[in-house]
Protein chains: 2
Amino acid sequence: MYTRAEENYLKCIFHLEQEHKGAVATNAIAQMMSTKASSATDMIQRLADKELVSYRRYKGTTLTKEGIAVAVAVIRKHRLWEVFLVEKLNFQWDEVHEIAEQLEHIQSEELITRLDKFLDHPDYDPHGDPIPDKDGNIKKTEKKVLSEMSKSQHGILVGVRETSGEFLQYLDKRNIAIGTKIKVLGKEFFDGSMIIQVKKEQFFISKKIAENLYIQV
Amino acid sequence: MYTRAEENYLKCIFHLEQEHKGAVATNAIAQMMSTKASSATDMIQRLADKELVSYRRYKGTTLTKEGIAVAVAVIRKHRLWEVFLVEKLNFQWDEVHEIAEQLEHIQSEELITRLDKFLDHPDYDPHGDPIPDKDGNIKKTEKKVLSEMSKSQHGILVGVRETSGEFLQYLDKRNIAIGTKIKVLGKEFFDGSMIIQVKKEQFFISKKIAENLYIQV
DNA sequence: AACTTATTTTAGATTAGACTAAAAATATAC
DNA sequence: GTATATTTTTAGTCTAATCTAAAATAAGTT
């Protein structure tokens with residue numbers, strides 16, 4: 001099995017690779033892991049020795065098949081635990097990330113099989129992210145970033161990008177949650193800000209907010 | 001907070017101190033932790049620096065108030081998770097120990113508060129051991145080892161000492177579980193073996209088995 | 001093309017936790 | 001009460017994961 005640190009690096013590289021499509025820069029990894037570039041290099045080289053990533057000095061890092069499998073397994077565990085925490089223990093969706101970061105490293109195939117069944121095989125976690133299946137397949141959701149939508153388009157919120165407590169609380173305060181219908185009433189070219197309709201109410205939102213909301217059209 | 005290793009040592013020392021009443025030998029700790037005496041000494045000295053144990057060279061180790069608090073908190077978490085695994089995820093009672101060993105180190109007060117509530121504030125774990133409350137109080141069960149009972153005495157099984165898979169499966173095979181009524185029909189002085197009644201059936205059991213069953217008379 | 005800046009890697013040190021081998025303290029035996 | 005055996009501790013080494021400082025490479029600018 002792999003260490004906690006290894007699993008965390010693999011998960012991190014997986015997410016970065018998804019975002020930017022292509023080899024991941026050492027600095028990007030270091031930054032996301034809140035560590036120094038030298039530490040990241042060190043770990044990357046160890047992961048390369050174990051053939052979990054392929055790596056060429058100064059050129060960047062990509063996950064191997066095995067590396068992807070490990071990363072996705074960890075993500076599956078993380079998201080299943082998040083469902084458990086919200087659905088069964090009644091946590092708010094913005095409180096679960098930190099705890100799931102720990103739970104995702106518990107080693108037991110059987111545990112996850114049973115947890116998945118107990119939760120009735122959920123497809124999405126409380127933030128709207130898809131839960132990989134046992135074999136590592138992830139449902140691709142054809143979601144759009146709200147900031148890329150134009151006037152009078154509408155859809156439902158299926159996920160968020162940023163997962164900080166502040167951001168999720170911002171949404172809660174405005175009654176915006178996964179599943180909420182959102183319509184774009186207006187868009188300002190100058191700064192990318194928008195006026196949106198949520199249920200009976202209308203809000204002004206900045207570009208920064210709009211960039212962090214995923215909408216299914 | 002404390003590291004996994006520290007928590008495990010504290011838990012180990014707690015159990016040994018309960019059993020033998022008095023300062024715990026370094027070798028006993030090393031043996032229970034499946035490590036070498038030198039490693040144990042090393043850790044004990046670090047724990048002493050942090051005032052979690054009081055320790056005098058060559059004399060043995062005892063937990064301080066703070067050390068007890070940490071150990072009991074870990075034991076509480078372990079036993080609550082065991083209840084969860086058996087009651088909610090339908091594990092057999094002999095399959096849960098290893099997983100609970102991992103789960104007991106998850107750091108979150110709130111998680112345990114909510115888990116406890118979700119499980120309806122259980123008093124005992126699936127092996128019959130009492131679950132410490134939030135403040136660290138442990139219900140003392142006035143239980144007796146079966147091997148110390150005499151002919152025609154009876155009671156119910158409230159706990160087991162040994163927790164190996166083989167032993168628990170031995171019990172399962174004979175339909176013996178926590179809560180089962182047991183009556184001593186006969187006892188052999190020579191080797192301490194017994195004939196017991198369980199439900200409608202009678203079994204011969206060796207002294208070794210009898211020493212590992214706790215009965216509430 | 002040469003200079004400057006930013007990124008990445010190497011070298012060397014540190015910490016927790018474990019190990020082996022040897023030394024020190026305690027316990028047991030005659 | 002000395003000799004022997006057992007237990008415990010110390011000293012020194014090892015690995016994973018981190019750090020700082022310095023060196024190497026790549027990228028950007030004139």
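Each chain gets a letter, A, B and so on, in the order the sequences are listed, and its residues count up from 1.
With sequence neighbours excluded, the residues that form a side-chain hydrogen bond (donor to acceptor under 3.5 Å, both in side chains) with B/Asp191 are B/Ser193. With sequence neighbours excluded, the residues forming a salt bridge (Lys or Arg N to Asp or Glu O under 4.0 Å) with B/Glu19 are B/Arg161, listed by chain and number. Applying the salt bridge (Lys or Arg N to Asp or Glu O under 4.0 Å) test to A/Glu7 and every residue at least two apart in sequence or in another chain returns nothing. Scored by the salt bridge (Lys or Arg N to Asp or Glu O under 4.0 Å) test, A/Asp133 finds no partners at all (sequence neighbours excluded). With sequence neighbours excluded, the residues that form a salt bridge (Lys or Arg N to Asp or Glu O under 4.0 Å) with A/Glu110 are A/Arg114. Applying the side-chain hydrogen bond (donor to acceptor under 3.5 Å, both in side chains) rule to B/Ser54 yields the partners B/Thr62; only residues at least two apart in sequence or on another chain are considered.
Pairs passing the salt bridge (charged side-chain N to carboxylate O under 4.0 Å, His left out) check and including a residue from residues 57-75 of chain A, sequence neighbours excluded, do not occur. Residue pairs meeting the ring pair (Phe, Tyr, Trp, His ring centres under 6.0 Å) criterion with at least one partner in residues 58-86 of chain B, sequence neighbours excluded, are A/Phe84-B/Phe84, B/His78-B/His97, B/Trp81-B/Phe84.
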(request) For nucleotides 2-10 of chain C, just jot down a letter per nucleotide in 5' to 3' order: B, S or -, based on protein non-hydrogen atoms under 4.0 Å. (result) -----SBBB

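Chain B approaches DNA chain D over the interval D/dT7 to D/dT10, counting the first and last nucleotide 5' to 3' with an atom under 4.0 Å from its heavy atoms.
One can place CG of B/Leu47 at 12 Å from P of C/dA16, the figure rounded to the nearest angstrom.
Mapping B/Lys36 and B/Met43 onto DNA chain C via the closest heavy atom, the residue that lands nearer the 5' end is B/Met43.
Nucleic acid contact for B/Tyr9: sugar-phosphate only, since backbone atoms but no base atoms lie under 4.0 Å from a heavy atom of the residue.
Because its NZ or CZ atom is both nearer than 6.0 Å to the ring centre of A/Phe118 and within 45° of the ring axis, A/Lys88 counts as a cation-pi partner of that residue.
Residues from residues 67-75 of chain B with heavy atoms under 4.0 angstrom of DNA chain C: there are none.
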Can you give me every donor-acceptor pair (side chain of residues 207-217 of chain A, partner residue at least two apart or in another chain, under 3.5 Å) with its distance?
residue	atom	partner	partner atom	Å
A/Asn212	OD1	A/Glu162	N	3.3
A/Asn212	ND2	A/Lys208	O	2.9
A/Gln216	NE2	A/Glu142	OE1	2.8

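Side-chain nitrogen and oxygen atoms of B/Arg46 include none within less than 4.0 Å of the OP1 or OP2 phosphate oxygen of C/dA16.
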